[in-house]
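See below for the structure under consideration.
Just so we're on the same page: letters track the sequence lines, and every chain starts at 1. These numbers come from a predicted model, not from an experiment.
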Number of protein chains: 2
Amino acid sequence: MAKVQFDRQTVLDKATSLFWRVGYSATSMQALFEVTGLKPGSVYLAFGNKEGLFKESIDFYAQSSITNLKNKFNQKQGVEQTICEILLSFVEESAQAGYCSCFLLKSQLELDEQSDLREYISSYLATIEGIYTEQLSTLYSEDEAKQKAASIMLHIFGLRVYGYHSNSEAQIVNGLRLGLHWLPWSNFDH
Amino acid sequence: MAKVQFDRQTVLDKATSLFWRVGYSATSMQALFEVTGLKPGSVYLAFGNKEGLFKESIDFYAQSSITNLKNKFNQKQGVEQTICEILLSFVEESAQAGYCSCFLLKSQLELDEQSDLREYISSYLATIEGIYTEQLSTLYSEDEAKQKAASIMLHIFGLRVYGYHSNSEAQIVNGLRLGLHWLPWSNFDH
DNA sequence: CAATAAATTGAATGTTTGTTCAAAAAATAA
DNA sequence: TTATTTTTTGAACAAACATTCAATTTATTG
């Protein structure tokens, strides 16, 4: 059997960027052919159809996000300090040119009610929340860890929307400090 | 001159519902003709094009939301109690079948970076934040009112995303209570 | 009642959409 | 090398897309 000749990761990286920025519906196959350099037949052989390519793009993004998150917690600073760092890095991200919010969040909101993909994305978001819960449960009771994780997710979703339209980094950080007052923000003063 | 014969408000109401649920890109003119009962020519005469109809739908939704919000504050309970009620009503909304998040939020995230509509929607969101700030400044200093309003907006955005995929009302309420601990939630215990 | 102006109609426009497929090329296996 | 399998190619497809417009209907004006 002949070897796959295009690099799947490279193609997925480019497709993900386009889907992320433009959205599922507004991204045409034509545009995907151009950005990936593949011809129709290759894409359809490798991914089935547009939805298949999109699903793999979601996987690509989500798995990378989850790996990244786990790595940050494994750097063995305090859990809460790490959470502060993560949130502040999200704020920083949101201030950059071409900021596209979070691919999972955007896709979740765009997808139709009866699409299986919506559930699929939900489970990735639940996995992420689970990581926060797990980490916090080293410091708090299970109930408290769950509540705090829910509060963190609310803030993450919030800032990924807020950061999309407002340019005031400082305002977001103030909002985070107020809402997540139990985190060690003082370590980040200067 | 002949009178406009279709009821503009009715048409906008129906168009808004469709755009809100399905999104801008995925909503076809065909579907809009069907849902409004109008023929192509009528829509194009009255609204110019798809984007024109969408913009008026945004206006329709935003103005109604803003009026609604102001009314709630004019009922003259305490400001903070009113805010709790608003947030809890959003949570309740999110638990209902066919929940579509917030039309402004969804559209904001869907629209392309260089679309004028994105700024347009941003200014509506800023207006809403301004109302919270204004109300809170009757109780707090300007700086504190702004910070609290930002925190409220973060939570509203957060719950309108969180509520889209999670079915646990209780978890969201817990998150709100923790993050917005300075609000009089105790009035809502029973 | 005409005369005039505006709104409605629905067929038709030319693109763009996602997808297919037979032929060609490339890679592996014998 | 030859035979076999897999990938790539790019033209072609029907369906759906947003939009237009001349003809018709409806409403207002004089």
Query - Enclosure of B:Glu119 CD (heavy-atom neighbours >12, cutoff 6.0 Å) - result: no
**Report entry** Degree of bending, the helix from C:dC1-D:dG30 to C:dT28-D:dA3 (end axes from five pairs; round to 10°)
**Finding:** 10°
Query raised in the report: Contact class for A:Phe47 (heavy atom, under 4.0 Å): base, sugar-phosphate, or nothing?
Result: nothing
Query raised in the report: In terms of side-chain heavy atoms of B:Phe6, which of C:dT8, C:dT17, C:dT19 is nearest?
Result: C:dT8
Query raised in the report: Is it true that B:Lys148 and B:Glu144 have a side-chain N and a carboxylate O under 4.0 angstrom from each other?
Result: yes
Query raised in the report: For A:Asn68, does the CG atom sit with more than 12 other heavy atoms under 6.0 Å from it, leaving out its own atoms?
Result: yes
**Report entry** Ring geometry between B:Tyr124 and B:Tyr120 (parallel below 30°, tilted from 30 to 60°, perpendicular above 60°)
**Finding:** perpendicular
Under-3.5 Å N/O pairs linking protein and nucleotides 9-11 of chain D:
unit_1, atom_1, unit_2, atom_2, d
D:dG10, OP2, A:Lys39, NZ, 2.8
D:dG10, O6, A:Gly41, N, 3.3

Query raised in the report: Would the number of heavy atoms belonging to other residues, nucleotides or ligands and lying under 6.0 Å from CG of B:Asn74 be above 12?
Result: yes
Report task. Determine the contact category for B:Thr27: base if any of its heavy atoms lies under 4.0 Å from a base atom, sugar-phosphate if only primed atoms, P, OP1 or OP2 are that close, otherwise nothing. Result -> sugar-phosphate
Report summary line: Shortest non-hydrogen pair, B:Glu51 vs B:Leu117, comes out as CG-CD1, 3.6 Å
Query raised in the report: Closest approach of B:Ala149 and B:Glu129, non-hydrogen atoms and distance?
Result: CB-O, 4.1 Å
Requested in this report: Please lay out, stage by stage, how B:Glu113 and A:Tyr99 fare under the test side-chain hydrogen bond (donor to acceptor under 3.5 Å, both in side chains).
Outcome: CA-CA 9 Å; B:Glu113 201 169 357; A:Tyr99 177 62; over 6 Å; no
Query raised in the report: Between A:Tyr44 and C:dT20, does any side-chain N or O lie under 4.0 Å from OP1 or OP2?
Result: no
Query - Minimum heavy-atom distance between A:Ser25 and B:Ser25, given as atom pair plus value - result: CB-CB, 3.6 Å
Query raised in the report: Taking only residues two or more places apart in sequence, or in another chain, which ones meet B:Phe54 in a ring-ring contact (aromatic ring centres under 6.0 Å, His included)?
Result: B:Phe19, B:Tyr24, B:Phe103
Report task. In whole angstrom, give the distance that lies between atom CG of B:Asp7 and atom P of C:dT8. Result -> 12 Å
Requested in this report: Residues of residues 9-19 of chain A with any non-hydrogen atom less than 4.0 angstrom from an atom of DNA chain D: list those, numerically ordered, please.
Outcome: none
**Report entry** Cation-pi, A:Tyr164 ring and B:Arg118 (6.0 angstrom, 45 degrees)
**Finding:** yes
Requested in this report: Sort and list the pairs that fulfil salt bridge (charged side-chain N to carboxylate O under 4.0 Å, His left out) and have at least one residue in residues 69-83 of chain A, not counting sequence neighbours.
Outcome: none
Report summary line: Per the under-4.0 Å heavy-atom filter, residues of residues 48-58 of chain A near DNA chain C come out as A:Asn49, A:Lys50
Requested in this report: Measure the distance from CE on A:Met29 to C1' on D:dA16 and round it to the nearest whole Å.
Outcome: 16 Å
Query raised in the report: Can A:Lys146 and A:Glu142 be counted as an ion pair, charged N to O under 4.0 angstrom?
Result: yes
Report summary line: Of D:dT19, D:dA18, C:dA7, the nucleotide closest to the side chain of B:Phe33 is D:dT19
Query raised in the report: Any idea which of C:dA7, D:dC17, C:dG18 is nearest the B:Leu45 side chain?
Result: C:dA7
